[in-house]
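Residue numbering restarts at 1 for every chain, and letters A, B, ... go by the order of the sequence lines.
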Protein chains: 2
Amino acid sequence: MPRAGLTREAVVRLALEVVDDGGPDGFAQLTLAKVASRAGVATPSLYKHVGSLAALRREVSVVAVRELTTAGAAATVGRSGADAVRALAHAWRGYAVAQPGRYAATQVGPDPDDPSAAEHRQAAAESVQVAAAVLRGFALPDERLVDAVRAARSAIHGFVMLELGGGFRLPQDLDRSFGVLIDMLVAGVTALGEGRPTLPEVEQLSPR
Amino acid sequence: MPRAGLTREAVVRLALEVVDDGGPDGFAQLTLAKVASRAGVATPSLYKHVGSLAALRREVSVVAVRELTTAGAAATVGRSGADAVRALAHAWRGYAVAQPGRYAATQVGPDPDDPSAAEHRQAAAESVQVAAAVLRGFALPDERLVDAVRAARSAIHGFVMLELGGGFRLPQDLDRSFGVLIDMLVAGVTALGEGRPTLPEVEQLSPR
DNA sequence: ACCCGTGGGCTAATAGCATTAGCTTTGAGG
DNA sequence: CCTCAAAGCTAATGCTATTAGCCCACGGGT
């Protein structure tokens, strides 16, 4: 009975394969049994390398978040302003479309209490920092930067979620719709930076 | 052995209770066993009223989507333009925050192939129609309406997803960030309607 | 060269889930 | 009052994670 020679890293690598093969909800369908089968090993053997299914999910999530971060960072290096925002948006959507399972893994919010999720929290914070760095170029008042970051994340994440979930059923060009959305975002943060009201002539009506 | 007197509607009602009690991921944790226990019945008995767990999920999803639709419709009746967009956005977010489990149920895209999902598809289409109706007031060129609807859905959905998932960890006011996002959206569709470029002075740089 | 301990694999067992098959009994309508 | 469809049941299958405990492979030291 020769050994399989597994390591924690190898198990995570196999888990990523399972996620990738599962399409958009490959992450949801990630299972210890599938990983074990791929490793040619009995399911309980995985516990020698990984604490639990939840822990494995967390490790997969960390990898995915880091990939998203570096994709965004690579796309925006050397750019600034509207150019950088567009590059970031397209990089994120590109990653999500190319790796839908991993992008789904990105969604799971790190548990703020669990101390073993520190790495996860760190990775998530770094990915947000990429967006913050890009938006800092718009000379926003400090207390508005967070609003801009949230707006950018919401717009991009929302579009990608709906796209991956099959929420856009009309045959119209998705790329163009995404471009329009990002243009709105760029115009919005530009207006925010210039200190002028986002809505030039429209009166501020009651939100509630 | 008296009968429990279940009906399909009663089972769905109990399933909604389970979803509501489960918080933001109550929908993910919906289980036939929990519904059966709540009904005071053995799990297999539910199959007399519901085809499968997946079918029950679909029914729950239809209810949630319809609630979201009527919430949006009720909030926008008698309003138009920016006012209506803001009302719709706040109604959607309000529903998501008040009923996070049901909002999650809203996310599952209807299977375009499955004929038994016709009701689901119909409900989803109606909810999009509410947004389309509101945005039609902006006198958009026909081929841009779909872009505007997608932008609105993306922005609102993205924000809500990140909020419910705990993705916004800074203590800054979420309501204000949401307001800023919706202002950007309103400004963006306004610009789209006026036929002027979304970005007045910023040159269109290569997105790729 | 041997020996020994760590640790990586195993099987067995428990417990929770969905689902199917087939039996029993309720209770409403003729 | 009788009957039969429908609504409940138990039993069984097969999937999942997880824990306990065993055994042997293998690297490091004597």
Side-chain angles (χ1 to χ4, degrees), chain A residues 1-23 25-62 101 104-105 108 111 114 116-117 120, chain B residues 1-23 25-62 101 104-105 108 111 114 116-117 120:
Chain A
M1 318 76 222
R3 296 219 175 164
L6 286 181
T7 63
R8 207 181 86 253
E9 290 73 21
V11 172
V12 172
R13 199 166 356 100
L14 292 171
L16 286 166
E17 287 182 25
V18 172
V19 168
D20 290 342
D21 288 0
D25 47 25
F27 185 68
Q29 285 164 8
L30 174 61
T31 203
L32 286 182
K34 284 181 191 155
V35 174
S37 139
R38 217 171 262 256
V41 124
T43 307
S45 304
L46 297 179
Y47 285 85
K48 288 290 159 74
H49 306 283
V50 132
S52 66
L53 173 62
L56 179 58
R57 292 189 112 85
R58 207 166 354 99
E59 300 224 48
V60 167
S61 181
V62 169
V108 312
D111 186 344
D114 186 1
S116 75
H120 194 181
Chain B
M1 324 72 223
R3 292 212 179 173
L6 286 182
T7 63
R8 207 181 87 253
E9 289 74 20
V11 171
V12 172
R13 198 166 357 101
L14 292 171
L16 286 166
E17 287 182 23
V18 172
V19 169
D20 290 341
D21 288 0
D25 47 25
F27 185 67
Q29 286 164 9
L30 174 61
T31 200
L32 285 183
K34 284 180 191 157
V35 174
S37 138
R38 217 172 262 256
V41 126
T43 306
S45 304
L46 297 179
Y47 286 83
K48 288 289 158 74
H49 305 283
V50 132
S52 67
L53 174 61
L56 179 58
R57 290 189 115 84
R58 211 171 344 103
E59 300 224 49
V60 166
S61 181
V62 169
V108 312
D111 186 345
D114 185 1
S116 75
H120 194 181

* Between A:S61 and A:H120, a side-chain donor and acceptor under 3.5 Å -> yes
* Asked: Does some side-chain heavy atom of B:R8 sit less than 4.5 Å from a side-chain heavy atom of B:V50?
  -> yes
* Which residues satisfy the salt bridge (Lys or Arg N to Asp or Glu O under 4.0 Å) test with A:D21, sequence neighbours excluded? -> A:R38
* Figure out the CZ/P separation between A:R57 and D:dT18, and round it to whole Å. => 10 Å
* Structure fact -> Taken to the nearest whole Å, CD/B:Q29 to C1'/C:dA18 is 17 Å
* To do: In sequence, state the C-alpha distance, the side-chain angles, and the governing distance for B:K34 and B:T31, and then conclude on side chain to side chain contact (heavy atoms under 4.5 Å, CB included).
  => CA-CA 5 Å; B:K34 284 180 191 157; B:T31 200; 3.0 Å; yes
* Asked: If the sugar-phosphate is the primed atoms plus P, OP1 and OP2 and the base is the rest, what is the B/S/- string for nucleotides 7-15 of chain C, using protein heavy atoms under 4.0 Å?
  -> BBBBBB---
* Looking only at heavy atoms, which two atoms of B:A117 and B:D111 are closest? And how far apart? -> CB-O, 3.9 Å
* Criterion side chain to side chain contact (heavy atoms under 4.5 Å, CB included) on A:L6 and A:L46, from CA distance to verdict -> CA-CA 9 Å; A:L6 286 181; A:L46 297 179; 4.1 Å; yes
* Rounded to the nearest Å, what distance is computed from the CG atom of residue B:L30 to the P atom of nucleotide C:dG16? -> 18 Å
* To do: Take atom NZ of B:K34 and atom C1' of C:dC17, then tell me their distance rounded to the nearest Å.
  => 11 Å
* Structure fact -> Whole-Å distance, B:L53 CG to C:dC17 P, equals 11 Å
